[in-house]
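Model, not experiment: these values are computed from the prediction.
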Protein chains: 2
Amino acid sequence: MKELIAKYREKGLKITPQRLAIFKFLEGNTSHPSAEDIYRHIKKTYPAISFATIYNNLQALKERGEVLEITIDSQKRHYDPNTEPHHHIICTKCNKINDVFHDYSEAVRLPNYITEEFKPVGNHIDFYGICRTCQKKGGR
Amino acid sequence: MKELIAKYREKGLKITPQRLAIFKFLEGNTSHPSAEDIYRHIKKTYPAISFATIYNNLQALKERGEVLEITIDSQKRHYDPNTEPHHHIICTKCNKINDVFHDYSEAVRLPNYITEEFKPVGNHIDFYGICRTCQKKGGR
DNA sequence: TCTAATTTTAGAATAGTTATAATTTAGAAT
DNA sequence: ATTCTAAATTATAACTATTCTAAAATTAGA
């Protein structure tokens with residue numbers, strides 16, 4: 001909590017209650033929330049919160065490398081406070097996004113015909129699968 | 001061309017000039033166009049073309065496995081008529097999407113703690129890099 | 001040629017996100 | 001403690017991509 005405040009100060013951000021609430025919600029959160037998920041959560045405590053505040057803060061956090069924007073869901077963006085390199089597996093039925101922690105750095109190398117043209121920066125691996133819950137639901 | 005028509009017939013789709021134009025534009029296209037890219041292209045020949053037609057046809061083609069929807073760009077969807085398994089590399093400066101043909105099926109395996117929960121369906125690998133053109137432009 | 005079903009079209013509607021301008025607040029300086 | 005200024009929040013409008021709707025047009029088969 002003090003760390004939270006220190007972290008914000010370091011980054012040249014003013015400490016507002018809304019901001020703290022957003023940060024607290026995100027910290028350690030592995031649910032990959034969308035802006036709306038965050039909005040709905042914060043709204044419980046700050047009913048006047050605006051979407052603009054959510055997006056402003058996400059922007060500030062993104063710029064400072066505290067949050068990653070995940071572009072897997074074609075409907076909306078999701079946010080991930082875990083900035084360690086990791087990958088995701090998405091259930092093709094319920095669309096839930098889960099983390100995959102595994103180092104593929106050796107295994108996944110660009111072929112030469114690509115490295116001749118591109119200076120590599122990084123990679124994301126998205127797996128698709130059916131989660132246990134959806135398997136149980138069976139059929140379709 | 002005849003193949004095109006045959007292909008559509010097989011799939012239970014009526015053959016309209018707009019549809020043919022869309023299919024012809026997509027066939028063999030490696031530029032990963034967005035709906036608007038397609039719209040603008042078709043508009044040259046069919047000025048009355050509507051976005052609804054573009055989306056309708058993309059939907060029809062998606063359902064029939066002729067086109068894949070790519071969710072890499074957080075702004076909009078892109079479409080890829082190449083349904084062979086392959087991956088992509090995106091220039092982090094100009095956002096151009098390029099193909100990567102390389103088989104990572106052996107290298108990229110889900111760790112056990114994931115396969116216990118998920119029945120694997122597939123994966124996408126997105127690489128990020130800076131293309132030669134953007135490298136030349138230097139600096140920023 | 002006639003008809004039924006499908007497709008196209010224009011335009012409205014919706015969802016997610018960004019921009020704007022006024023008001024409020026945090027935090028530094030006094 | 002009070003004042004001040006920059007930054008943050010808010011309500012709202014605007015914007016972009018996409019989907020929906022209903023009417024008109026077109027395809028393909030009888």
Here the distance between atom C1' of dT18(C) and atom NZ of K76(A), to the nearest Å, is 18 Å

Taking OH from Y55(B) and P from dT8(C), how many angstroms apart are they, rounded to a whole number? 16 Å

Can you tell me if the side-chain N/O atoms of T16(B) get under 4.0 Å from OP1 or OP2 in dT7(C)? no

Whole-Å distance separating the CG atom of L13(A) from the C1' atom of dA26(C): 12 Å

For K43(B), I'd like to know if atom NZ has over 12 heavy atoms of other residues, nucleotides or ligands within 6.0 Å. yes

Does this structure show an ion pair linking E36(B) with K76(B), if we count only N-O contacts that are shorter than 4.0 Å? no

Return the value, rounded to whole Å, for the distance between atom CZ of R77(A) and atom P of dA15(C). 17 Å

Should dT30(C) form a Watson-Crick or G-U wobble pair with both distances under 3.5 Å, which nucleotide is its partner? dA1(D)

Please check if the number of heavy atoms outside K62(B) that lie under 6.0 Å from its NZ is greater than 12. yes

Between N56(A) and dA19(C), is there a side-chain N or O to OP1/OP2 distance below 4.0 Å? no

Would you check if the side chain of E69(B) reaches a backbone N or O of R77(B) as a donor-acceptor pair within less than 3.5 Å? no

So what does A48(A) hit on the nucleic acid, given a heavy-atom distance under 4.0 Å: a base, only sugar-phosphate, or nothing? sugar-phosphate

On DNA chain D, which is the earliest and which the latest nucleotide, 5' to 3', with an atom closer than 4.0 Å to a heavy atom of chain B? dA17(D) to dA28(D)

What's the CD-P distance between Q75(A) and dT14(C), to the nearest Å? 16 Å

Under 3.5 Å: donor-acceptor pair, side chain of Y113(B), backbone of F101(A): yes

H88(B) vs H32(B), test: ring-ring contact (aromatic ring centres under 6.0 Å, His included). Steps then yes/no. CA-CA 10 Å; H88(B) 296 106; H32(B) 308 87; 4.8 Å; yes

Should we count NZ of K119(A) as having more than 12 external heavy atoms under 6.0 Å? no

Taking only N and O in the side chain of R19(A), is any of them less than 4.0 Å away from OP1 or OP2 of dT25(C)? no

Answer with base, sugar-phosphate or nothing: what part of the nucleic acid does P47(A) contact at a heavy-atom distance below 4.0 Å? nothing

Assuming nearest nucleotide by heavy-atom distance, tell me which of Q18(B) and S74(B) is located more 5' along DNA chain C. Q18(B)

Just compare dT9(C), dT17(C), dA26(C) and give me whichever is closest to any side-chain atom of K14(A). dA26(C)

